[in-house]
Amino acid sequence: MDHPMPPAPASPTPGPSAARAFPSRRRGRWHPPTTETAPTRAVLIAGAVLFLLLVLLAPLISVFAEALADGLPGYVAALTDPEALSAIRLTLLVAVLSVPLNALFGLAAAWAIAKFEFPGKSLFITVIDLPFSISPVIAGLVYVLVYGAHGVLGPFLQAHDLQVVFALPGIVLATMFVTVPFVARELIPLMQEQGTGDEEAALSLGASGWQTFWRVTLPNVKWALLYGVLLCNARAMGEFGAVAVVSGRIRGFTNTMPLQVEILYNEYNTVAAFAVASLLAVLALATLVLKTLLEWRYGDALMARRGH
Amino acid sequence: MRVFRTLTPLALVRAALVGGAVLAATPVLAQAPLLNVSYDPTRELYRDYNLAFAAHWKEKTGQDIEIRQSHGGSGAQARAVIDGLEADVVTLALASDIDAIAKRTDKVPADWQARLPDHSAPYTSTIVFLVRAGNPKAIKDWDDLIRPGVEVITPNPKTSGGARWNHLAAWAWAAQTFGGDEDKIRAYIAELYRHVPVLDTGARGATTTFTKRGLGDVLLAWENEAFLALNELGPDQYEIVVPSISILAEPTVAVVEGNTEKHGTTEVATEYLTYLYSPVGQALAARHYYRPRHPDFAAPQDIARFPATTLITIDDPLFGGWPEAQARHFGDGGLFDQITAPPGQ
Amino acid sequence: MTGQASLSSRPLARLWPRRRPSVLPGFGLTLGFAVFYLGLLVLLPLAAVFLRAAGLTPEAFWALVTHPRTIAALRVSFGASLVAAFINVGFGALTAWVLVRYRFPGRRLLDAVVDLPFALPTAVAGIALSSLYAVNGPLGGLLAPLGIKVAYTWLGVVVALTFIGLPFVVRTVQPVLEDLDKGQEEAAATLGASRWQTLRRVVLPALAPALLTGFTLAFARAVGEYGSVIFIAGNLPYRTEIAPLLIVIQLGEYNYAGATALAVVMLVIAFVLLLAINLLQAWSRRRLGGV
């Protein structure tokens, strides 16, 4: 199976018997056989759009509507408030620290899981999934139980005057915990789908392990990796529950953007609260714009690979 | 994919290294000159008070003082201090929350409530009803809350300090009305909770449910919260109704000596809390709808906003102080749990 | 390439395969690093939780876990999460398909919006959703005359959990769909398959692992969700109270042992469910061939 394209392993191989398996039932006007009829397409698009409208777009619109309720000056003023600026800085710093580490972990875990068979693999994948199912409240509590004053490492940290929880390290740790599965989970299905054929071919042609990884595997998974990093980043910036527990909520110092949103909202300052929230949404959308630009710029290479 | 190969992995590694270095180099982010860990509804009060105190401290000692604020649910804030949040002073909703700090750490002395005047409660509040404009359901007192068709909004007493005061205020009225007949009191409280369609986790959440979502006919709220909602969300839309009997809510304050000694802030922290009892502090409290201990220090028009009513204290034999009331009413398997359990359980 | 022939037919060996030799390098390095990282970040801190929960006597633990209120809350959390995950698989797959295969105005905007639930703090999502679906909100107002109440009911919990889980399904299906070889669909069509047959027998099997992964992740994420749900759930004991809220309530009483005990129960249930799904996936992968 040294197929240049990643084979779709689960699909039945078209063979002589396939003609019988798919009795011909052609009627009506001809349309390209690998897409749906125009009405079907329209219905599917309408269904997806309606669903996204109800579940995703409506909340987004309401966030922006509230944020701009006092017009643009109020919006800008809310975002340039010193406390808001400090929250924005902290949130970006936390993302810069936690996302690359989780990306590195994701690549390593996906390589081991997708390219090798080993005992306990399903168990390992399940442990990777675990942080998703852990309530953010518990995710925060976990670090308080380890690093807090009454935690396992509390006495040691206090003796050396190191502060983990209620300071930057705790916020970063909680964020990493909550976002650890993203990149791995994005890469695993794709790398499993792609199999090991490409890498084996490269190795048999004399490439080293690292060369194979940089030049064969990474290009094959780059979009999934990018998706994973984008999601990980978005979630890292938006995390509320876990960070709320370990942050200490000191205004202007350990408040991240989501916490700042809650504070402002509780002060009946709806405009400012939603302005900061909308900025989080914009940051998430901006990363997607970046992805789109990359797609356009390097679309040729992508098409060439897909054209097999 | 060319760009990907050259950009991402290198950038990833570099960012990870830089990240690790920064992580290692910043063991302490928060080293507040003075950190006041408080509960949710005091934001507006302490924003003004911190400015006033900074001016006072500058005048007294010539030093600039920076005051940092942390707000959250009263219980969660107390827990954070127990777990190592380096508060210099705590200004919380319930004495029992500061008791918890004193009990679980050695940072607050056991007799903290005797260190400042008036059981360390420089201002008080009470529980009132917020109703819609014109009071369409004609709600005057606690017995009106259980009339058919009346919906009551109150937060969950298991998660909200304010909701505990609500619960106890209702209990105080029922105890008085039914002459201490425990069965009748319980029946009233149980019926009251049957009129609650939503139990928010915090006081502000309940206010939002009542005002923005249009749910319920009456909101049980802190007096200062009710006034604030009135001001922020429209005096023409809501009215405050003061019941015949309510409870004297005493938010308490304390210096976290274990932390101030380490920070060298004991003196300024003590002065910070003492100044709350000064004419300036009392006037500010009254302006922010807290009932001051010394009404003569406050502006008369501020005092005029507080109607007189019978206020039962938590130390009344009916409740026997916070530790007892907490365990009896809100503890695991306590009265609230029993009352909200479905029949047969 | 490793063939199906080498697979033992003994059921145990299928569930627990031995490590098979491979020509690819880096197994020790990557697995070692991943296990180390996961151990430090996730497993060790979780061990602290188990340690704390062990502070409860077995009787107290059992009484807490089997309390009708706990069971009701677990039922709300896991039930609503399952329903939300199913909704997400259906509409998530549809969304991914439409985004990858069709070109229409506004596609890029929709593509971008899919990640919103991650970026928006959960509390903001809860506030926005409850304001939309409350009886006086724009969407809740439309549903109210039909007798459907969303906010402050079980349905509200499902809406919030659908919101936070959707990107998981879309973003796991999307890369696989983008990578899918159209040649196979062409081959099927050439051989006379109708479009529906091609979708069902060629495309769907190829997407199945990603769909299952998406389902797993959306479900897992929903079970633990707190921030968005408490704003729209109503939080009435026995009816719309979720399990994470019970944990917060225990914490409110400084009962760390009780809180961690509930966390452990949720963790164990989630772990068993996730493991079952992952084993199912590994099994179907081996049965259908491939790695």
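Every heavy atom of this structure was used, including side-chain atoms; hydrogens, water molecules and symmetry mates were not. Every chain is numbered from 1, with letters handed out A, B, ... down the list of sequences.
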Q: Between OH of C:Tyr37 and CD1 of A:Ile128, what distance do you get to the nearest 0.5 Å?
A: 11.5 Å
Q: Under a 4.5 Å cutoff for heavy-atom pairs, which residue among A:Leu44, A:Leu60, A:Val137, A:Ile138 has the most contacts with chain C?
A: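 Heavy-atom pairs under 4.5 Å are most numerous for A:Leu44.
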Q: Applying ring pair (Phe, Tyr, Trp, His ring centres under 6.0 Å), name anything that partners A:Phe182, two or more places apart in sequence or on another chain.
A: A:Phe132, C:Phe118, C:Phe168
Q: Just to verify, what does A:Glu66 make a side-chain contact (heavy atoms from CB on, under 4.5 Å) with, not counting sequence neighbours?
A: A:Thr270, A:Phe274
Q: If you count heavy-atom pairs under 4.5 Å with chain C, which of A:Thr256, A:Leu57, A:Leu231 comes out on top?
A: A:Leu231
Q: Using non-hydrogen atoms only, which part of C:Thr260 is less than 4.5 Å away from chain A: side chain, backbone, both, or neither?
A: side chain
Q: Given a strict heavy-atom distance threshold of 4.5 Å, which part of A:Pro131 is in contact with chain C: side chain, backbone, both, or neither?
A: side chain
Q: CD1/A:Ile125 to CG/C:Asn278 distance, rounded to the nearest 0.5 angstrom?
A: 5.5 Å
Q: So which of C:Thr213, C:Leu120, C:Val223 has the largest heavy-atom pair count under 4.5 angstrom toward chain A?
A: C:Thr213
Q: Let me know if C:Leu43 has heavy atoms under 4.5 Å from chain A in its side chain, its backbone, both or neither.
A: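 Side chain of C:Leu43 only, per the 4.5 Å heavy-atom cut-off to chain A.
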Q: If I measure from the heavy atoms of chain A, does C:Leu207 come under 4.5 Å with its side chain, its backbone, both, or neither?
A: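 For C:Leu207, neither part sits under 4.5 Å from chain A.
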Q: To the nearest 0.5 Å, how far apart are CZ in C:Arg221 and CD1 in A:Ile134?
A: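 One gets 12.0 Å once the value is rounded to the nearest 0.5 Å.
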Q: Starting at CZ of A:Phe51, measure out to OG1 of C:Thr95 and round the result to the nearest 0.5 Å.
A: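 Those atoms lie 6.0 Å apart.
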Q: Just give me the residue among C:Ser81, C:Pro244, C:Pro175, C:Ala128 that pairs up with chain A most often, heavy atom to heavy atom, under 4.5 Å.
A: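 Maximum pair count with chain A is reached by C:Pro175.
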Q: Where does C:Leu262 contact chain A at under 4.5 Å (heavy atoms): side chain, backbone, both or neither?
A: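 Neither the backbone nor the side chain of C:Leu262 comes within 4.5 Å of chain A.
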Q: So which part of C:Tyr102 gets closer than 4.5 Å to some heavy atom of chain A, the side chain, the backbone, both or neither?
A: side chain
Q: To check you understand the geometry: which heavy-atom pair defines the closest contact between A:Phe116 and C:Pro25, and what is its length?
A: CZ-O, 3.5 Å
Q: Name the member of A:Leu203, A:Ile45, A:Val142, A:Leu190 that forms the most heavy-atom pairs with chain C at distances under 4.5 Å.
A: A:Ile45
Q: Among C:Ile127, C:Leu204, C:Val114, C:Ile87, which residue forms the greatest number of heavy-atom pairs with chain A at distances under 4.5 Å?
A: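 When all of C:Ile127, C:Leu204, C:Val114, C:Ile87 are compared, C:Ile127 has the most.
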Q: Side chain, backbone, both or neither: which part of A:Val55 has an atom under 4.5 Å from a heavy atom of chain C?
A: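 Both parts, heavy atoms under 4.5 Å.
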Q: Do A:Phe118 and C:Phe27 have side-chain heavy atoms sitting under 4.5 Å apart?
A: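 A:Phe118 reaches C:Phe27 side chain to side chain.
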Q: Look at A:Leu259, A:Leu52, A:Val146 and state which one has the largest set of heavy-atom pairs under 4.5 Å with chain C.
A: A:Leu52
Q: Output the option from C:Leu132, C:Leu46, C:Leu273 having the highest count of non-hydrogen pairs under 4.5 Å with chain A.
A: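 The answer is C:Leu132.
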Q: Under 4.5 Å from any heavy atom of chain A, what part of C:Phe36 do you find: side chain, backbone, both or neither?
A: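 For C:Phe36, there is no contact with chain A at all, as no heavy atom is under 4.5 Å.
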Q: Is there side-chain contact between A:Pro258 and C:Val124, with at least one heavy-atom pair below 4.5 Å?
A: no
Q: Enter the distance from C:Leu24:CG to A:Phe213:CZ here, rounded to the nearest 0.5 Å.
A: 12.0 Å
Q: For chain C, which candidate among A:Ser135, A:Ala273, A:Ala277 shows the most heavy-atom pairs at distances under 4.5 Å?
A: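 Ranked by heavy-atom pairs under 4.5 Å with chain C, first place is A:Ser135.
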Q: Select, from C:Leu29, C:Val159, C:Thr162, C:Val35, the one with the greatest count of heavy-atom pairs under 4.5 Å involving chain A.
A: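 Heavy-atom pair counts peak at C:Val35.
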Q: Between C:Arg52, C:Gln281, C:Met266, which has the largest tally of heavy atom pairs under 4.5 Å with chain A?
A: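 The residue among C:Arg52, C:Gln281, C:Met266 with the greatest pair count is C:Arg52.
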Q: As an exercise: rank A:Val261, A:Val127, A:Val63 by heavy-atom pairs under 4.5 Å with chain C and give me the winner.
A: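 Of A:Val261, A:Val127, A:Val63, A:Val127 has the most heavy-atom pairs under 4.5 Å with chain C.
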Q: Just how far is it from atom OG of A:Ser62 to atom CG of C:Leu129, taken to the nearest 0.5 Å?
A: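 That separation rounds to 8.0 Å.
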Q: Where does C:Leu116 contact chain A at under 4.5 Å (heavy atoms): side chain, backbone, both or neither?
A: side chain
Q: What part of C:Tyr133 is in contact with chain A, defined as an atom under 4.5 angstrom from a non-hydrogen atom: side chain, backbone, both or neither?
A: side chain
Q: Please determine whether side chain to side chain contact (heavy atoms under 4.5 Å, CB included) holds for the pair C:Arg171 and A:Arg185, giving the CA-CA distance in whole Å, both sets of side-chain angles, and the decisive distance to 0.1 Å.
A: CA-CA 10 Å; C:Arg171 294 306 189 211; A:Arg185 261 329 205 153; over 6 Å; no
Q: So, for C:Phe163 and A:Pro59, which heavy atoms are closest and what is the spacing to 0.1 Å?
A: CE1-CG, 4.0 Å
Q: At a 4.5 Å cut-off on heavy atoms, which part of C:Leu274 comes close to chain A: side chain, backbone, both, or neither?
A: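 Contact with chain A: backbone and side chain both.
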Q: Please flag which part of C:Leu212 lies under 4.5 Å from any non-hydrogen atom of chain A: side chain, backbone, both or neither.
A: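 No part of C:Leu212 comes within 4.5 Å of chain A.
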Q: Taking side chain as everything from C-beta outward and backbone as N, CA, C, O, which of these in A:Phe105 sits under 4.5 Å from a heavy atom of chain C? Side chain, backbone, both or neither.
A: both
Q: Heavy-atom cut-off 4.5 Å, strictly under: side chain, backbone, both or neither for C:Leu275 against chain A?
A: both
Q: Which bit of C:Leu166 comes within less than 4.5 Å of chain A, counting heavy atoms only: side chain, backbone, both or neither?
A: side chain
Q: Determine whether more than 12 heavy atoms belonging to other residues, nucleotides or ligands lie under 6.0 Å from atom CZ of C:Phe104.
A: yes
